[in-house]
Number of protein chains: 2
Amino acid sequence: MAAKATRQQIVDAADELFYARGFAATSFADIAAAVSISRGNFYYHFKTKDEILDAVIEKRLADRERLLAGWDETAPDPARRIECFVRIVIANQTKIMAHGCPVGTLVTELTKLGHASTDNANRIMTLFRDWLTRQFEDLGCGTAARENALHVLSWSQGVATVAQAFGDEAFVRREVERILQWLESVRQQATGNP
Amino acid sequence: MAAKATRQQIVDAADELFYARGFAATSFADIAAAVSISRGNFYYHFKTKDEILDAVIEKRLADRERLLAGWDETAPDPARRIECFVRIVIANQTKIMAHGCPVGTLVTELTKLGHASTDNANRIMTLFRDWLTRQFEDLGCGTAARENALHVLSWSQGVATVAQAFGDEAFVRREVERILQWLESVRQQATGNP
DNA sequence: GACTGATTAGGATGATTGTCCTAGAAAGAC
DNA sequence: GTCTTTCTAGGACAATCATCCTAATCAGTC
């Protein structure tokens with residue numbers, strides 16, 4: 001139980017540090033210091049840095065799956081669910097302006113490093129893409145569902161990058177309004193409902 | 001002259017390596033090997049790694065300024081100039097799918113590193129933003145010019161990130177068509193011309 | 001209370017890093 | 001041809017890193 005707690009603490013700390021500083025720039029010592037344990041103890045739980053990375057990816061994946069499943073249950077229709085997705089850039093605005101998108105920046109970094117876990121990290125991107133595709137299908141978009149899903153995903157990545165660069169809150173709000181307006185027009189065209 | 005050539009070679013090699021692997025993951029030895037010079041010779045031209053980074057940023061900035069100035073001269077109207085900007089994601093598609101946007105990924109990395117040259121790198125982002133703003137102003141968008149500029153910039157960053165993640169060429173083409181359609185509607189509304 | 005396995009601490013190791021130094025080669029001035 | 005400046009080479013340095021190892025401590029069982 002103490003072990004479980006320690007392991008969980010390590011993954012949580014690594015998750016935040018990888019997000020804030022990047023994977024490569026975060027050292028064993030950094031994570032150990034954040035959890036207040038020794039490097040030796042560290043090695044007992046994770047034999048390599050790549051193992052921690054994979055654990056962090058699994059955690060992030062599980063977190064996002066839970067988030068999406070929650071929206072599937074609570075939001076009444078696909079359009080509202082997509083809106084939930086869109087609004088996370090406002091909910092997480094402060095963190096995004098400081099460190100960008102947790103998913104996009106990790107994939108970018110691992111790709112550049114030629115890291116073996118790149119595909120693994122990409123599973124989170126794929127999760128978002130497929131979930132969004134399902135929502136647009138439910139909305140009645142048919143074959144355009146996947147295209148629209150990638151459009152929303154791409155939109156979120158762009159907003160995160162520019163928000164990080166300029167730290168412009170008003171920009172984020174305007175972009176959310178803009179994409180929601182687009183979403184509404186897609187919904188009307190797909191359903192025929194006003 | 002030999003010195004100038006060597007220095008230029010170093011900057012060019014660093015530019016490519018920083019793009020392909022990232023700034024932190026590129027070592028002195030990597031750049032030296034790419035140019036086939038010794039680390040000692042290296043130090044003669046650049047005293048610190050940060051100096052190389054700043055030189056690379058200056059080069060990228062100058063390259064982009066030249067690119068934009070070229071469009072200012074060759075393209076007949078602001079809408080066509082913005083279209084030139086949009087189409088670079090197709091022209092550079094292969095590199096973007098491999099390493100993302102050279103500007104966006106650098107800013108993201110330096111921000112995470114808390115690097116002193118973050119603001120410096122952001123000057124390239126700002127260059128794009130201000131140039132795009134000028135184009136939308138010339139188009140007659142008035143106060144919406146800056147908002148539209150950020151929209152296009154954000155669009156390009158999102159496309160680059162998703163293209164890098166999924167390696168989907170068709171997605172890039174569709175997104176270009178989409179934004180050009182939007183651009184056309186903005187132009188019509190701003191100018192009143194068909 | 002002794003025993004066993006899980007957990008922790010902290011130092012050792014070898015590789016890599018950015019930085020620095022010194023000596024020699026090249027090149028141009030006089 | 002000598003001299004001075006510019007350039008190049010290659011090794012030395014301390015710091016940092018991921019990784020590994022060994023010994024101590026803890027918790028639960030008999």
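Chain A is the first sequence line, chain B the second, and so forth, proteins listed ahead of strands; every chain is numbered from 1.
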- Query: Quick check: are there more than 12 heavy atoms from other residues, nucleotides or ligands sitting under 6.0 Å from CD of Glu58(A)?
  - Reply: yes
- Salt bridge Glu83(A)-Arg87(A), side-chain N to carboxylate O under 4.0 Å: yes
- Item | side-chain contact (heavy atoms from CB on, under 4.5 Å) between Phe171(B) and His151(A), worked out | CA-CA 9 Å; Phe171(B) 156 76; His151(A) 181 66; 5.9 Å; no
- Task: Compare side-chain N and O positions of Thr6(B) against OP1 and OP2 of dT8(D) and report whether any pair is under 4.0 Å apart.
- Result: yes
- Item | Phosphate-side-chain proximity, Tyr44(A) and dT7(C), N/O vs OP1/OP2 below 4.0 Å | yes
- Task: Search all heavy atoms of Ala79(A) against all heavy atoms of Leu183(A) and return the closest pair with its distance.
- Result: O-CD2, 3.7 Å
- Query: Going by the angle between their ring planes, with limits at 30° and 60°, are Phe28(A) and Phe42(A) parallel, tilted or perpendicular?
  - Reply: tilted
- Note on the structure: Separation of dC21(D) atom C1' from Phe42(A) atom CZ, nearest Å, is 17 Å
- Message: Of the options dA6(C), dT6(D), dA9(D), whose atoms approach the side-chain atoms of Ser38(B) most closely?
- Response: dA9(D)
- Item | Length of the NE2-P vector between His45(A) and dA9(C), whole Å | 9 Å
- Item | Which residues share a side-chain contact (heavy atoms from CB on, under 4.5 Å) with Arg129(A), sequence neighbours left out | Thr126(A), Thr133(A), Arg146(A), Leu150(A), Leu153(A), Phe166(B)
- Message: Taking 4.0 Å as the cut-off, does a side-chain nitrogen or oxygen of Asn41(A) come that near to OP1 or OP2 on dT7(C)?
- Response: no
What are the atom names and distances for every N/O pair under 3.5 Å that joins the protein to nucleotides 22-26 of chain D?
none

- Whole angstrom value for the distance that separates P of dA6(C) from CZ of Arg7(A): 16 Å
- Measure the distance from CD on Gln9(A) to C1' on dT7(C) and round it to the nearest whole Å. 14 Å
- Aromatic Phe23(B) / basic Lys49(B) pairing, under 6.0 angstrom, 45° off normal: yes
- Message: Strictly below 4.0 Å, N to O, side chains only: are Arg187(B) and Glu184(B) in salt-bridge contact?
- Response: yes
- Task: Would you sort out whether Arg60(B) and Leu106(B) count as a side-chain contact (heavy atoms from CB on, under 4.5 Å), showing the intermediate values?
- Result: CA-CA 11 Å; Arg60(B) 291 193 184 178; Leu106(B) 181 66; 3.8 Å; yes
Below 3.5 Å between N/O atoms, which protein atoms pair up with nucleotides 16-20 of chain C? Just atom names and distances, please.
residue	atom	partner	partner atom	Å
dG18(C)	OP1	Lys49(B)	NZ	3.2
dG18(C)	OP2	Phe28(B)	N	3.0
dT19(C)	OP2	Lys49(B)	N	2.7
dC20(C)	OP2	Tyr43(B)	OH	3.0

